2 protein chains.
Amino acid sequence: MTVTLADVAARAQVSPATVSRVLNGNYPVAATTRERVLRAVDELDYVLNGPASALAAATSDLVGILVNDIADPFFGIMAGAVQSEIGGPGGRAGGERLAVVCNTGGSPERELTYLTLLQRQRAAAVVLTGGAVEDPAHAAAMGAKLRRLGESGTRVVLCGRPPAPDTGAIALTFDNRGGGLRLTQHLLALGHRRIGYIAGPEERTTTRHRLEGHRAALSAHGITDDPHLTLHGPYDRRSGYDAALELLRRDPDLTAVVAANDTVALGACAALRDRGLRIPADVSVAGFDDLPFSMDAVPALTTVRLPLQTAGARAGRIAMGREDAPPGGIATVQGELMVRGSTGVPDPGRGGA
Amino acid sequence: MTVTLADVAARAQVSPATVSRVLNGNYPVAATTRERVLRAVDELDYVLNGPASALAAATSDLVGILVNDIADPFFGIMAGAVQSEIGGPGGRAGGERLAVVCNTGGSPERELTYLTLLQRQRAAAVVLTGGAVEDPAHAAAMGAKLRRLGESGTRVVLCGRPPAPDTGAIALTFDNRGGGLRLTQHLLALGHRRIGYIAGPEERTTTRHRLEGHRAALSAHGITDDPHLTLHGPYDRRSGYDAALELLRRDPDLTAVVAANDTVALGACAALRDRGLRIPADVSVAGFDDLPFSMDAVPALTTVRLPLQTAGARAGRIAMGREDAPPGGIATVQGELMVRGSTGVPDPGRGGA
DNA sequence: CTGTTAGCGCGTTCAT
DNA sequence: ATGAACGCGCTAACAG
């Protein structure tokens with residue numbers, strides 16, 4: 001039924017071993033023989049059996065990419081960048097590698113499950129993107145899993161994620177804390193004092209680091225952070241919308257809102273507009289990530305730009321062994337403050353009466 | 001070095017076959033035996049060898065998803081939806097299946113390459129998303145490929161893509177033509193007569209169908225389409241920005257711009273604003289797809305909503321054989337006109353002098 | 001319900 | 001430069 005390597009060998013009048021050699025191009029083969037084999041491959045429409053190949057060679061051409069939410073451009077951009085770098089020479093049978101994108105939905109269990117699945121497939125490499133969940137038990141389980149993966153020959157790279165000590169995993173970490181710090185400093189410099197903060201989900205490193213930066217900026221300014229002005233929620237528009245309304249209820253004199261990311265910020269903007277508030281005249285709004293649509297928001301969103309594309313591409317190259325790992329296996333990637341129209345000087349009329 | 005099924009069998013004092021049976025859960029196994037095996041698996045930290053399993057069973061747990069651009073939420077949403085439906089019972093070893101997301105970048109060659117790679121992996125199913133390239137040679141090659149995939153047991157589903165006759169592939173097609181028609185009808189009903197059209201890349205079915213709908217609406221209104229008012233370009237913001245400026249140059253009295261999709265529409269909006277034109281007072285703008293950010297544009301974008309999530313999920317279920325294919329193997333999915341703030345009655349002052 | 005026996009299709013030693 | 005033989009780890013018949 002299905003044509004195998006042996007069929008090709010028979011048609012080309014050579015041994016199966018020779019066919020395997022021309023297909024993988026790892027051993028010297030006479031030009032005329034190669035010709036003949038390739039012709040037979042073509043005539044028979046032969047397609048290599050990946051599983052058999054992987055079994056015999058004890059490695060596959062699969063590269064795993066773990067993301068929280070593939071529908072979110074934040075992850076889509078990174079996944080695309082990783083994927084664009086994993087092709088090329090070095091792999092089996094022509095250097096084509098397949099990206100296996102796994103949607104964890106932010107669930108720790110699914111994260112572990114997918115890693116097991118990838119281990120099962122003998123993935124050549126695994127790239128984990130996005131923040132980690134901070135539960136100690138989960139962190140331990142992940143650490144053990146990553147170590148095992150590394151030991152069995154799968155290269156592991158963390159992209160936009162804190163390092164996993166003692167696992168051998170390479171980490172490209174985003175400086176979320178520094179970004180959060182600079183963003184709030186910017187607001188403080190404009191004169192804002194009553195700043196609401198819409199944070200991401202609890203127990204996630206990204207959420208905590210960005211929030212830490214925010215608080216560090218406040219306290220450096222001698223402002224005691226009011227816990228009532230910090231709300232947690234998922235990284236989606238709805239969360240931003242609801243939280244903005246709630247913040248306004250808690251402090252009607254708010255002059256600025258900082259959101260966990262751009263998507264949340266857009267939701268917050270919608271809420272403010274629906275309440276008849278102008279941005280930034282009445283309330284300034286800032287986001288994080290600088291996703292493509294943020295530039296087209298009206299007014300354009302002040303945010304912290306993360307080099308998602310660049311970082312993803314680099315993670316992909318490191319995963320393929322085509323670029324050296326950073327010294328110590330850890331590199332910190334900086335975000336860049338993008339000041340745009342959504343933040344401005346606070347209205348002196350607000351905040352007083 | 002690596003622990004195999006035989007090791008587990010030895011530890012659990014059973015035969016390898018029994019271990020395989022409890023792992024796959026396809027045959028009845030005594031509860032106590034199962035216990036013992038599972039304990040051994042746990043103690044040994046055993047992980048099934050996917051390639052070996054796939055080789056022996058002649059099928060894998062991989063499901064391919066072809067997308068044009070994973071960084072584009074249009075595809076991210078569909079890919080996520082497909083992925084959310086491919087798990088569950090029925091697969092090998094616990095019913096977990098892995099989504100292999102392949103970024104074609106819209107390139108016909110890469111599309112074919114990825115299909116070969118998926119065929120090589122003996123993928124359980126393949127879902128192709130997005131429009132197709134209209135080159136006859138490529139269509140023929142794709143047809144042959146899809147047929148072969150189907151013959152070798154891989155279920156093929158097209159999602160948001162025109163049917164591929166005689167390939168056995170199931171198609172969930174978006175009614176791009178109807179959506180384009182209704183969108184332009186809406187504009188005509190508002191009183192617009194000079195409408196610019198920023199189309200997608202040439203030679204793509206999506207581009208052609210949406211454009212056909214637009215033209216059909218125009219001619220039904222007795223308006224002869226001015227070819228100068230149609231521009232082609234990629235599905236990105238930049239294309240929308242540049243094209244809007246060019247359209248304005250070609251016809252300064254334009255009262256409306258229809259874009260190939262929402263991303264392009266946002267770029268067009270930016271260009272219009274930069275030229276000092278108000279939306280919709282001076283120029284109305286409409287998009288297509290209704291991606292999440294379109295609702296938060298200012299003004300909110302009038303567009304045609306495509307049920308990406310629903311369609312993707314359905315494609316996933318059909319691919320897994322968990323839902324019957326539509327009659328004839330083809331279903332047409334309608335888009336819904338979403339009238340929002342970006343379109344309005346044209347300014348009588350424009351278009352005249 | 002469980003063990004035994006054969007391969008699945010390919011890569012890779014060894015020879016030649 | 002090429003061929004022969006073996007084994008990768010697992011599943012799928014068959015027995016029992």
Side-chain angles (χ1 to χ4, degrees), chain A residues 1-38 40-41 44-61 91-94 117 119-122 124 152-153, chain B residues 1-38 40-41 44-61 90-94 119-122 124 152-153:
Chain A
M1 174 68 199
T2 85
V3 28
T4 77
L5 191 148
D7 299 329
V8 176
R11 196 156 189 5
Q13 319 241 44
V14 295
S15 75
T18 301
V19 178
S20 171
R21 285 174 188 132
V22 330
L23 257 31
N24 287 301
N26 297 330
Y27 289 85
V29 175
T32 74
T33 316
R34 169 203 260 66
E35 254 337 271
R36 206 142 36 90
V37 169
L38 290 179
V41 165
L44 264 40
D45 235 330
Y46 169 69
V47 175
L48 187 66
N49 184 315
S53 172
L55 172 59
T59 175
S60 81
D61 279 336
R92 314 195 60 71
L117 255 37
Q119 183 181 1
R120 178 180 292 180
Q121 297 297 335
R122 304 300 188 256
S152 63
Chain B
M1 177 65 199
T2 86
V3 27
T4 76
L5 190 146
D7 299 329
V8 176
R11 194 155 190 6
Q13 318 241 47
V14 294
S15 75
T18 301
V19 178
S20 171
R21 293 198 262 254
V22 330
L23 258 29
N24 288 301
N26 298 331
Y27 286 86
V29 174
T32 76
T33 316
R34 170 205 258 65
E35 269 313 286
R36 207 144 32 91
V37 169
L38 290 179
V41 165
L44 264 39
D45 234 330
Y46 169 69
V47 174
L48 187 67
N49 185 314
S53 171
L55 171 57
T59 173
S60 80
D61 279 335
R92 316 194 60 69
Q119 183 181 0
R120 177 180 295 180
Q121 297 297 335
R122 305 300 189 254
S152 63

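In what follows, chains are A, B, ... by sequence order, proteins preceding strands, each numbered from 1. Just so it is clear, the model here is predicted, and its values are computed rather than measured.
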Peer 1: Residues two or more places apart in sequence or in another chain: which of them pass side-chain contact (heavy atoms from CB on, under 4.5 Å) with A/A124?
Peer 2: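 Applying side-chain contact (heavy atoms from CB on, under 4.5 Å) to A/A124 gives none.
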Peer 1: For the side chain of A/S60 and the backbone of A/Q121, is there at least one donor-acceptor N/O pair under 3.5 Å apart?
Peer 2: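 It does hold such a pair.
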Peer 1: With sequence neighbours left out, which residue pairs that include part of residues 13-38 of chain A fulfil the salt bridge (charged side-chain N to carboxylate O under 4.0 Å, His left out) condition?
Peer 2: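 Sorted pair list comes back empty.
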Peer 1: Taking all heavy atoms of B/L55 and all of A/P51, pick out the closest pair and write down the distance.
Peer 2: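 In terms of heavy atoms, the two residues are closest at N-CB, 3.8 Å.
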Peer 1: Run the numbers on A/V37 and A/Y46 for side chain to side chain contact (heavy atoms under 4.5 Å, CB included), then give the verdict.
Peer 2: CA-CA 11 Å; A/V37 169; A/Y46 169 69; over 6 Å; no
Peer 1: What's the CZ-P distance between A/R21 and C/dG9, to the nearest Å?
Peer 2: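 Taking CZ of A/R21 and P of C/dG9, I get 21 Å after rounding.
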Peer 1: Please give, in whole Å, the distance from C/dG3 C1' to B/Y27 OH?
Peer 2: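 In whole Å, C/dG3 C1' and B/Y27 OH are 14 Å from each other.
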Peer 1: For A/D61 and C/dC10, what is the distance between atoms CG and P respectively, to the nearest whole Å?
Peer 2: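 It is 14 Å, rounded to the nearest whole Å.
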Peer 1: Tell me what A/V14 touches on the nucleic acid: a base, only sugar-phosphate, or nothing, going by heavy atoms under 4.0 Å.
Peer 2: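 A/V14: backbone/sugar contact only, no base atoms under 4.0 Å.
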Peer 1: Suppose we screen for side-chain contact (heavy atoms from CB on, under 4.5 Å). Which residues come up paired with B/A58, at least two apart in sequence or across chains?
Peer 2: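 With neighbours one apart ignored, the set is empty.
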Peer 1: Would you please confirm or rule out a distance under 4.0 Å between OP1 or OP2 of D/dA4 and any side-chain N or O of A/S15?
Peer 2: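 A/S15 to D/dA4 OP1/OP2: no side-chain N or O under 4.0 Å.
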Peer 1: List for me each residue that meets side-chain contact (heavy atoms from CB on, under 4.5 Å) alongside A/A10, sequence neighbours excluded, and say none if there are none.
Peer 2: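 None.
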Peer 1: Roughly how bent is the helix from C/dC1-D/dG16 to C/dT16-D/dA1 end to end, in steps of 10 degrees, with each end axis from five pairs?
Peer 2: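 Computed from the C1' atoms at both ends, the axes differ by 20°.
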Peer 1: Nearest 0.5 Å please: distance from the CD atom of A/Q119 over to the CG atom of B/N49.
Peer 2: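 Rounded to the nearest 0.5 Å, the CD-CG separation comes out at 10.5 Å.
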Peer 1: Closer than 4.0 Å, any side-chain N/O of B/T18 to the OP1 or OP2 of C/dT2?
Peer 2: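 So the side chain of B/T18 is outside the cut-off, no N or O lying under 4.0 Å from OP1 or OP2 of C/dT2.
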Peer 1: Tell me which residues in residues 28-37 of chain A lie within less than 4.0 Å of DNA chain C, going by non-hydrogen atoms.
Peer 2: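 Residues of residues 28-37 of chain A under 4.0 Å from DNA chain C: none.
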Peer 1: For a 4.5 angstrom cut-off between non-hydrogen side-chain atoms, does A/V14 reach A/V19?
Peer 2: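 Result yes, sub-4.5 Å side-chain heavy-atom pair found.
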Peer 1: Give me the distances for all protein-to-nucleotides 5-9 of chain D N/O pairs that come in under 3.5 Å?
Peer 2:
none

Peer 1: Identify the two heavy atoms, one from B/D7 and one from B/T2, that lie closest to each other, and give their separation to 0.1 Å.
Peer 2: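 The answer is OD2-O, 4.1 Å.
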Peer 1: List the residues meeting side-chain contact (heavy atoms from CB on, under 4.5 Å) with B/A40, not counting sequence neighbours, and say none if there are none.
Peer 2: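 B/A40 satisfies side-chain contact (heavy atoms from CB on, under 4.5 Å) with B/V8, B/R11, B/A12 once adjacent residues are dropped.
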